[in-house]
Amino acid sequence: MMNTLTHHLNTAQQHAVCAPLGNLLVLAGAGSGKTRVLVHRIAWLMQQEHASPFSILAVTFTNKAANEMRTRVESLLGSSVNAMWLGTFHGLAHRLLRTHWKDAGLSENFQILDSSDQQRLVRRVMRDLNIDEERFPYKQAQWFINKKKDEGFRAQHLSAHHQPQEEMFIRIYAAYEEACAQSGLVDFAELLLRSYELWRDHDELRQHYRNRFRHILVDEFQDINGVQYAWLRLLAGENNFFTVVGDDDQLIYSWRGACADNLHKFKKDFPHVCTITLEQNYRSTSTILSAANALIDFNRDRFGKELWTDGAIGDPIRIYAAYNEIDEARFIASECLSWIDQGNTFNDVAVLYRSNAQSRVLEEALLQQGIAYRIFGGLRFFERAEIKDALAYLRLVNNRFDDTSYERIVNLPPRGIGNKSLETVRQHAREKSISLWQATHDVITHALLPARALTALESFLAMIDDLDNQTKNLALLESTEAIVNASGLIGHFQKEKGETGRTRIDNLRELISAAGEFNFDSVSPEEKETLTPITAFLSHATLEAGEHQADAMSNCVKLMTIHAAKGLEFPFVILCGMEEGLFPHQMSKGDPKGIEEERRLCYVGMTRAMRQLLLSYAESRRVYGQTHMASPSRFIREIPQQYLQEIRMQSKISRPASLAESSSFLNQKETSFRLGQYVRHTSFGDGVILDIEPNGEKTRVQIRFKTGTKWLIASLAKLESI
DNA sequence: ACCACCTGTTATTAT
DNA sequence: AACAGGTGGT
């Protein structure tokens, strides 16, 4: 069936958009019009199948993607679709829990913990349990808890199988759960797990939402984790129709529990799945696309999909070998300027990197050249310490049981409540199993501390209570302002020397105006019934930590991690830091699965580029304040030379002769070995190649055997391919 | 109790 | 290099 909605789509896209009601899996390669298909599918359902927006649930991963989808659907339909549930997994789970907080076993004004809040709390819990932090790093405990939650496990479900390490982590998990419950706190993973359990355990509720959401659409399906999958499955019934869109080659969140298997499982678990593959790429030049295809072909176990384009060949992918990271940044800045000279805009340029720490040097170079830029991700507005301090006041006023917020601000600014006093309060709270707030009251009534400390505690309690009374009937802007002013934070930061104090105060003022700008009206009518403006604002702050600043400035170069760039496209992409140990990251080396994920990440980065792609690496780089030498990323080597072009040194920096010699890796002879290849060694047995260091006759290969990982000289090792 | 200073640790990737 | 936590002086 053709109509105006679909006439500008290609055949495969049309099939996906107009597929009859049923379960639909769209395997959509990079740049093949994935979002377009989703948006049109929604419009199609409404126009042709007369689906009410009320019956549609559309899930994405990032707030950015959700906003874009809403905008595009609305412009396609020419009307607003407020009744449609469209958002991130976390956002929708949050909405669900606010509505059904009682059934979910939460307190009415529960607050959301971000990862640094969570870290503090895990730490506090561990201290309460007197756990040796040397043997059990709190970071690992936090990681353990989140991993288990992502898989759908509660502490009570877990057994350690006689492993002392595991046993301890389970104990911490259990204690952490208890602390969260007592303080009315919910972390990111908990949002998902809790809403899954809500539907699982309440038949009427599940049935209600099943009846309501007949059409469920999921973006980036390859990146969903165990709980998210289970959550979606609960909605699957006779009359529910799923459209899921994904690309196994773009799976980059397996460290968060995502698993390509979900794409396979979808076909098995959901009845009569119709699969459509989108392979025509509309984004990149054929050079960029062919290079990316060649790269991703190094991965095993792919669904197998070959993207093609009938677009222009375009320019070769350029490679710049920088002397160090400063040289690299300077070159990138000069590239931005010459891009402008060719009549383009800064807006077209994206500089992508593997880890946030790389942004600093880039920033300095761009600043020096006077190039407007914007960093996405990294430390975001609502994650700044001073903002979280102020928000902790708001949260405590809002919910006295929030121990995390209490701990944060009870003596900030210093008001004479020291560690000794606090320890008494903590211990009392622990013994009686009550919140720190209640414990403080007890400590005062029973006079368990010297008079001076009691007075300090008393005035702290009084201040919070007063603020509550004063702001009860005020609008969000006024109450935020009153709370920030009364907190004494501004005076505290004024004492801080240097520029930091000023910036912090500016940020606090910005927080007040953010509260003023926060549009409670944009909150869906359903949510308005269950949320107060202040709770809505606090949740917004945690769930969308500073997304709003993203679209603010338009004409500037964009800096972000490759993860953050997923789903976006830019005419000119610069992928920097293409070095072994950085990309692929050290943490992922040594595990073929890890390397494959890094390779997919590289694939995602490359396929963001429309017209121009530049790769750069530095031969030496400072890491933890120490200079390290690095060799170019294996991913550069995996791209066929025909698509590449090395850029000559332009910089005035004199480079050591030895480095100049070795820099032209493109001239190095290819070895006959491939990463991931399985080989047999006469004495070590069978193994898999993890790494290759090309060096002519002395080329070394790293191989993981059953007995361990070894570096061998390829020409001497007598390796047999198997 | 508070502040300044010192020391050891530490960074994938993100909702 | 940056930061958090601990130590010692006030």
Side-chain angles (χ1 to χ4, degrees), chain A residues 59-66 87-94 112-120 123 127 133-134 137-139 143 146 149-150 186-192 220 223-225 227-228 251-258 325 352-361 376-380 382-383 385 411-423 449-450 452-453 456 492 495-497 500 539-547 560-566 577 581-589 594 597-598 600-602 604-605 621-627:
Chain A
V59 198
T60 64
F61 264 79
T62 61
N63 296 302
K64 214 184 281 170
T88 63
F89 277 102
H90 291 88
L92 297 176
H94 172 244
I112 306 170
L113 289 175
D114 72 11
S115 18
S116 64
D117 296 330
Q118 184 187 37
Q119 189 172 303
R120 280 164 163 262
R123 231 165 155 187
R127 283 190 184 159
E133 286 186 45
E134 300 273 285
Y138 60 92
K139 266 212 130 134
W143 187 78
N146 287 333
K149 285 191 178 185
D150 283 346
V186 173
D187 61 46
F188 286 133
E190 184 75 22
L191 286 171
L192 302 174
E220 309 276 11
D223 277 322
I224 70 170
N225 66 28
V227 206
Q228 288 164 333
L251 196 163
I252 54 175
Y253 283 103
S254 60
W255 49 275
R256 238 167 72 186
E325 78 278 11
L352 309 183
Y353 36 80
R354 175 65 234 270
S355 61
N356 284 308
Q358 288 169 255
S359 65
R360 202 185 194 89
V361 194
F376 290 72
L379 225 217
R380 282 167 292 188
F382 286 108
E383 289 167 354
N411 200 32
L412 188 92
R415 44 174 76 89
I417 304 169
N419 219 356
K420 201 91 185 277
S421 309
L422 262 181
E423 204 37 64
L449 283 168
R452 185 199 269 242
H492 175 65
K495 284 185 211 128
E496 214 169 283
K497 48 192 164 215
T500 36
S539 305
H540 163 86
T542 315
L543 285 172
E544 298 171 45
E547 298 274 338
M560 65 187 95
T561 63
I562 305 169
H563 282 91
K566 189 173 76 155
L582 188 60
F583 193 23
H585 198 276
Q586 198 62 42
M587 292 291 176
S588 308
K589 294 176 78 171
E597 176 138 333
E598 298 279 319
R600 288 192 294 270
L601 190 58
C602 186
V604 168
R621 182 181 295 272
R622 284 179 91 87
V623 187
Y624 311 134
Q626 276 187 329
T627 307

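Every chain is numbered from 1 and lettered A, B, ... according to where its sequence line falls, protein lines coming before strand lines.
Ring planes of A:F61 and A:Y253: parallel class, angle under 30° (limits at 30 and 60°).
One interatomic measurement links the two molecules: CD of A:Q119 to C1' of B:dT9, which rounds to 13 Å at whole-angstrom precision. Atom pair A:R380:CZ and B:dA14:P shows a separation of 7 Å (rounding to whole Å applied). Rounded to a whole Å, the NZ atom of A:K64 is 12 Å from the C1' atom of B:dA14. The distance between atom CD of A:Q228 and atom P of B:dT15, rounded to the nearest whole Å, is 13 Å. The nearest whole Å value for the distance from the CD atom in A:Q586 to the P atom in B:dT13 is 15 Å. Put simply, CD on A:Q358 is 16 Å from P on B:dA11, counting in whole angstrom units. Straight-line distance from the CG atom of A:N225 to the C1' atom of B:dT15: 11 Å, rounded to whole Å. The CZ-P distance, from A:F89 to B:dT15, rounds to 14 Å in whole Å.
Contact check, A:S588 against B:dT13: no side-chain N or O comes under 4.0 Å of OP1 or OP2. The phosphate of B:dA14 (OP1 or OP2) has a side-chain N or O of A:T561 nearer than 4.0 angstrom. Regarding contacts with the backbone of B:dT9, every side-chain N or O of A:K139 stays at 4.0 angstrom or more from both OP1 and OP2.
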Please determine whether salt bridge (charged side-chain N to carboxylate O under 4.0 Å, His left out) holds for the pair A:D223 and A:K566, giving the CA-CA distance in whole Å, both sets of side-chain angles, and the decisive distance to 0.1 Å. CA-CA 11 Å; A:D223 277 322; A:K566 189 173 76 155; 2.5 Å; yes
Apply salt bridge (charged side-chain N to carboxylate O under 4.0 Å, His left out) to residues A:E325 and A:R622 and explain how you reach the verdict. CA-CA 8 Å; A:E325 78 278 11; A:R622 284 179 91 87; 5.3 Å; no
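Using a 4.0 Å heavy-atom distance criterion, A:T542 is classed as making no nucleic acid contact. In this structure, A:Y253 reaches the sugar-phosphate backbone alone: every heavy-atom distance under 4.0 Å involves primed, P, OP1 or OP2 atoms, never a base. The residue A:N356 sits close only to the backbone: its heavy atoms come under 4.0 Å of sugar-phosphate atoms, none of a base.
Of the two residues contacting DNA chain B, namely A:V623 and A:E383, the nearest-nucleotide position lying further toward the 5' end is that of A:V623.
Salt bridge status for A:R600 with A:E597: present, with a side-chain N to carboxylate O gap under 4.0 Å.
Side-chain atoms of A:T561 come within 3.5 Å of backbone atoms of A:A564 as a donor-acceptor pair (strictly under, hydrogens ignored).
Contacts of A:E383 classified as side-chain hydrogen bond (donor to acceptor under 3.5 Å, both in side chains), with partners at least two apart in sequence or in another chain: A:R380.
Contact annotation: the side chain of A:E598 never approaches that of A:I252 to less than 4.5 Å [non-hydrogen atoms, C-beta and beyond]. Side-chain contact check for A:I562 versus A:Y353: every heavy-atom pair is 4.5 Å or farther apart. Annotation: side chain of A:E190 is not in contact with side chain of A:L113 (no heavy-atom distance under 4.5 Å).
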Tell me, for nucleotides 2-7 of chain C in 5' to 3' order, what letter each nucleotide earns: B for a base near a protein heavy atom under 4.0 Å, S for only sugar-phosphate near one, - for neither? S-SS--
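Atom CD of A:Q626 is surrounded by 12 or fewer heavy atoms from other residues, nucleotides or ligands within 6.0 Å.
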What pairs of nitrogen or oxygen atoms, one from the protein and one from nucleotides 2-4 of chain B, lie under 3.5 Å apart?
unit_1	atom_1	unit_2	atom_2	d
B:dC2	OP1	A:G416	N	2.5
B:dC2	OP2	A:N411	ND2	3.0

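Among B:dT15, B:dA14, B:dA11, the nucleotide with an atom closest to any side-chain atom of A:A564 is B:dA14.
Here A:W255 counts as stacked on B:dT13: its ring centre is under 5.5 angstrom from the base ring centre and the planes meet at under 30°.
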